Amino acid sequence: MRKIIRVTTIPKSLGGLLKGQLRFMSQYYTVVGISGKGEDRLARVAEEEEVSVIPVEMTRKITPIQDLRAVYQLYRIFKKQKPDIVHSHTPKAGTLSMLAAKLAGVPHRLHTIAGLPLLEATGPKRKLLDTVEKITYRCATMIYPNSFGLKDIIIEHKYTKKEKLKVIANGSSNGIDTSFFDPALYTDQDNLNLREELNIKSTDKVFIFVGRLVKDKGINELIAAFKKLNQQNSDCKLLLVGIFENDLDPLLPETNQEIETNPNIIFVGWQTDVRPYFAISDILAFPSYREGFPNVVMQAASMGLTSIVTNINGCNEIISEGDNGLIIPVKDDKALYDSFNTLVNDHTLRNTLAANARASIVSRYKNDFVWEELLKEYKSLID
């Protein structure tokens with residue numbers, strides 16, 4: 001049977017970002033997963049996806065010696081496994097595995113781009129990251145941006161030639177399981193119980209953010225806008241679901257202080273299941289600076305929430321202005337506040353956007369549709 005090796009930097013991406021996809025593909029090919037630290041988690045991926053896995057340590061930072069060691073490990077694995085395809089996700093895994101796969105003579109070297117963190121970098125660091133990005137693309141035989149906007153950005157920055165780029169389906173790396181992200185799974189009593197547990201009244205309007213609590217996700221602007229809104233609307237709550245990454249992308253001190261001291265900002269940390277929190281919320285606030293194709297926005301819409309997102313690739317493909325949400329400029333806390341204010345006070349608009357949200361996802365981004373389209377791509381390459 002033909003063999004495909006899928007590579008991500010960490011097991012959370014292999015088992016979460018691509019949840020269900022490896023198991024689906026294993027019906028047609030021998031599938032092997034490779035990822036970094038967290039071998040216990042990697043073992044769970046093997047069990048859940050019913051595929052073989054191989055641990056290879058990879059870091060998310062620039063670590064030349066460790067990176068060279070990982071390239072050598074990957075090269076040896078590829079030479080031994082002799083895959084028809086190596087398909088990578090996440091930036092570091094892409095660079096290391098595409099280089100190793102080229103050196104090992106793997107015929108089809110595929111890399112999915114789900115965002116470009118380097119776009120926020122400046123100076124010498126930006127030049128270095130641009131060079132690394134171009135090397136990754138040069139080593140790959142095909143590049144799959146997971147949104148049409150991201151494809152345009154790659155062409156604009158001349159990272160690779162247009163012929164090497166292709167968006168699978170309508171975008172997204174994995175689509176979404178709309179039967180799992182379904183508000184009908186939660187009863188009014190379920191929602192009331194969780195609201196009471198979090199000290200949220202039934203009459204409160206709940207904004208929710210899900211993701212990493214870092215500057216690049218627009219958290220400084222989110223907190224500033226909500227603080228202003230809250231001074232006039234004490235019946236609004238902001239629910240923060242995620243983790244801080246102070247070592248990689250810290251927030252402003254005043255942002256952290258507001259999160260800690262404002263009783264209407266509720267921080268619940270990282271959650272294995274975000275659906276109950278979507279189910280008690282009214283509006284997704286997602287003011288990110290950059291994305292590939294954000295799962296959170298698809299999840300929230302599938303759960304029937306209206307969304308406020310920034311005008312960036314991925315977000316402005318999932319959300320259509322005035323149809324299933326509102327789109328605002330990047331890094332603009334005033335525009336975010338204005339959108340908050342509009343949706344809090346205009347019940348008809350909010351309800352109309354929310355009513356359209358789930359159908360907009362079901363019709364375009366169901367995960368089995370995305371998997372079938374990727375399968376067609378694999379077959380066109382190796383069958």
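Counting begins at 1 with the first residue of the sequence. Just so you know, these numbers come straight off a predicted model, no measurement behind them.
- Note that K215 lies outside the cation-pi zone of Y289, set by a 6.0 Å cut-off to the ring centre and a 45° limit from the axis.
- Annotation: cation-pi geometry satisfied between R275 and F180 (NZ/CZ under 6.0 angstrom from ring centroid, within 45° of ring axis).
- Partner of I223 under the side-chain contact (heavy atoms from CB on, under 4.5 Å) criterion, out of Q257, K228, E254, E258: E258 alone.
- Using a 4.5 Å heavy-atom threshold, the side chains of L381 and L110 count as touching.
- Counting heavy atoms of neighbouring residues, nucleotides and ligands inside a 6.0 Å radius, atom NZ of K3 exceeds 12 of them.
- With a 4.5 Å cut-off on side-chain heavy atoms, Y365 and F293 count as touching.
- Under a 4.0 Å N-O distance rule, the pair D130/K134 does not qualify as a salt bridge.
- The shortest side-chain heavy-atom distance between I280 and L239 falls under the 4.5 Å cut-off.
- A salt bridge between D338 and K334 is present, with a side-chain N of the basic residue lying under 4.0 Å from a carboxylate O of the acidic one.
- Here the CD1-CZ distance, from I265 to F209, works out to 13.0 Å after rounding to the nearest 0.5 Å.
- Other residues, nucleotides and ligands place no more than 12 heavy atoms under 6.0 Å from the OH atom of Y72.
- Ring geometry for F226 versus F207: interplanar angle over 60°, hence perpendicular rather than tilted (30 to 60°).
- Sorted by first and then second residue, the side chain to side chain donor-acceptor pair (under 3.5 Å) pairs involving residues 100-109 (not counting sequence neighbours) form an empty list.
- Considering only residues two or more places apart in sequence or on other chains, S35 meets the side-chain hydrogen bond (donor to acceptor under 3.5 Å, both in side chains) condition with T8.
- Counting heavy atoms from C-beta outward, E372 and F24 have side chains that approach closer than 4.5 Å.
- Between T310 and L336, every side-chain heavy-atom pair lies at or beyond the 4.5 Å cut-off.
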